[in-house]
Amino acid sequence: MFIAFYRWRLKAGKEEQFRSAWAKVTLAIRANCGSLGSRLHQVEDGTWAAYAKWPSKELWETDSTLDAETNAARQLMRESVAEQFPDIYLTVTDDFLIHDGKSDEPPLK
């Protein structure tokens with residue numbers, strides 16, 4: 001499992017534009033590129049963060065061509081960003097999150 005972690009400071013008043021565009025891009029990537037999805041968060045310091053889950057780094061690195069509508073949404077995301085922080089890439093080693101309301105792991109005692 002591979003995770004790509006992203007963080008941004010958005011331009012004032014562009015939060016909804018970013019969220020809407022992020023959703024379109026994320027859903028297109030999930031539907032067409034093999035991503036396992038992504039979550040967007042607003043951080044207490046006012047920045048925004050997202051992480052995308054992939055089966056492997058190799059699949060994440062695959063250059064996938066997306067349609068014009070998705071590329072336009074990507075551009076709207078870029079236009080919403082005042083500052084982008086360096087990406088962080090993670091390889092999952094242990095996972096105790098609950099997925100879809102159930103855990104794959106036995107309960108901790």
Side-chain angles (χ1 to χ4, degrees):
M1 193 73 51
F2 176 76
I3 305 294
F5 182 86
Y6 310 100
R7 196 164 139 242
W8 311 269
R9 184 172 317 284
L10 301 183
K11 294 176 182 174
K14 294 291 186 174
E15 297 85 0
E16 290 307 311
Q17 175 179 301
F18 182 87
R19 289 180 66 213
S20 176
W22 175 87
K24 287 177 185 175
V25 171
T26 296
L27 292 172
I29 290 171
R30 189 178 71 180
N32 299 303
C33 303
S35 165
L36 298 173
S38 183
R39 285 187 172 140
L40 180 64
H41 304 266
Q42 188 170 14
V43 182
E44 287 181 340
D45 68 1
T47 61
W48 292 74
Y51 56 90
K53 186 175 175 182
W54 291 81
S56 68
K57 184 176 183 181
E58 293 74 25
L59 187 57
W60 174 80
E61 291 174 329
T62 302
D63 184 18
S64 299
T65 302
L66 296 170
D67 62 24
E69 183 178 337
T70 304
N71 288 328
R74 273 189 167 152
Q75 184 59 36
L76 286 173
M77 284 178 64
R78 287 184 198 104
E79 291 171 5
S80 302
V81 173
E83 179 181 7
Q84 182 164 353
F85 298 90
D87 298 342
I88 299 172
Y89 305 116
L90 309 153
T91 299
V92 177
T93 62
D94 301 280
D95 185 354
F96 295 100
L97 287 174
I98 294 174
H99 305 276
D100 297 326
K102 61 186 176 201
S103 174
D104 295 332
E105 300 295 329
L108 295 175
K109 296 183 180 189

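In what follows, every heavy atom counts, from backbone to side chain, and hydrogens, waters and symmetry copies are set aside. All of these numbers come straight from a predicted model, not from anything done at the bench.
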Do any N or O atoms from the side chain of [X] and from the backbone of [Y] form a donor-acceptor pair under 3.5 angstrom?
| X | Y | value |
| --- | --- | --- |
| Asn71 | Leu66 | yes |
| Glu69 | Asp67 | no |
| Ser35 | Ile29 | no |

Side-chain heavy atoms of [X] within contact of [Y], under 4.5 Å:
| X | Y | value |
| --- | --- | --- |
| Arg39 | Tyr51 | yes |
| Leu36 | Met1 | yes |
| Arg9 | Trp48 | no |

Work out which heavy atom in [X] is nearest to a heavy atom in [Y]; give both atom names and the distance.
| X | Y | answer |
| --- | --- | --- |
| Leu97 | Asp95 | N-OD1, 2.9 Å |
| Ala50 | Ser38 | CB-OG, 4.2 Å |
| Ala73 | Lys24 | CB-CB, 4.0 Å |

Problem set entry | Check: Trp54 ring centroid to Phe2 ring centroid under 6.0 Å |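 Centroid separation for Trp54 and Phe2: 6.0 Å or greater.
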Problem set entry | Straight-line distance of Thr70 OG1 to Leu27 CG, nearest 0.5 Å |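 Between atom OG1 of Thr70 and atom CG of Leu27 there are 9.5 Å.
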Exercise. If you round to the nearest 0.5 Å, how far is CG of Leu10 from CD of Glu79?
Worked result: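 Reported value, rounded in 0.5 Å steps: 13.0 Å.
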Exercise. Is there a chain of hydrophobic side chains (I, L, V, M, F, W, Y, each step under 4.5 Å between heavy atoms) that links Leu59 to Tyr89?
Worked result: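 Yes, one cluster joins them.
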Exercise. Can you get from Ile88 to Tyr6 by hopping between Ile, Leu, Val, Met, Phe, Trp and Tyr side chains that sit under 4.5 Å apart?
Worked result: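 Hydrophobic grouping puts Ile88 apart from Tyr6.
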Exercise. So which of Gln75, Glu16, Lys14, Gln17 actually passes side chain to side chain donor-acceptor pair (under 3.5 Å) with Ser80?
Worked result: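 Only one of Gln75, Glu16, Lys14, Gln17 forms a side chain to side chain donor-acceptor pair (under 3.5 Å) with Ser80, namely Gln17.
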Exercise. Checking salt bridge (charged side-chain N to carboxylate O under 4.0 Å, His left out) for the pair Asp45/Arg7: CA distance, chi angles, key distance, verdict?
Worked result: CA-CA 11 Å; Asp45 68 1; Arg7 196 164 139 242; 3.4 Å; yes
Problem set entry | Gln84 CD: over 12 foreign heavy atoms closer than 6.0 Å |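 Atom CD in Gln84 is packed in, count exceeds 12.
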Problem set entry | Qualifying ring pair (Phe, Tyr, Trp, His ring centres under 6.0 Å) pairs, either residue in residues 10-40, two or more places apart |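 Output for this query lists Trp8-Phe18.
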For this session: Apply the test side chain to side chain contact (heavy atoms under 4.5 Å, CB included) to residues Thr91 and Lys57: give CA-CA distance (whole Å), side-chain angles for both, the deciding distance (0.1 Å), then the verdict.
Result: CA-CA 8 Å; Thr91 299; Lys57 184 176 183 181; over 6 Å; no
Exercise. Are Arg19 and Leu40 close enough, and set up right, to give a side chain to side chain contact (heavy atoms under 4.5 Å, CB included), and what steps lead you there?
Worked result: CA-CA 8 Å; Arg19 289 180 66 213; Leu40 180 64; 3.9 Å; yes
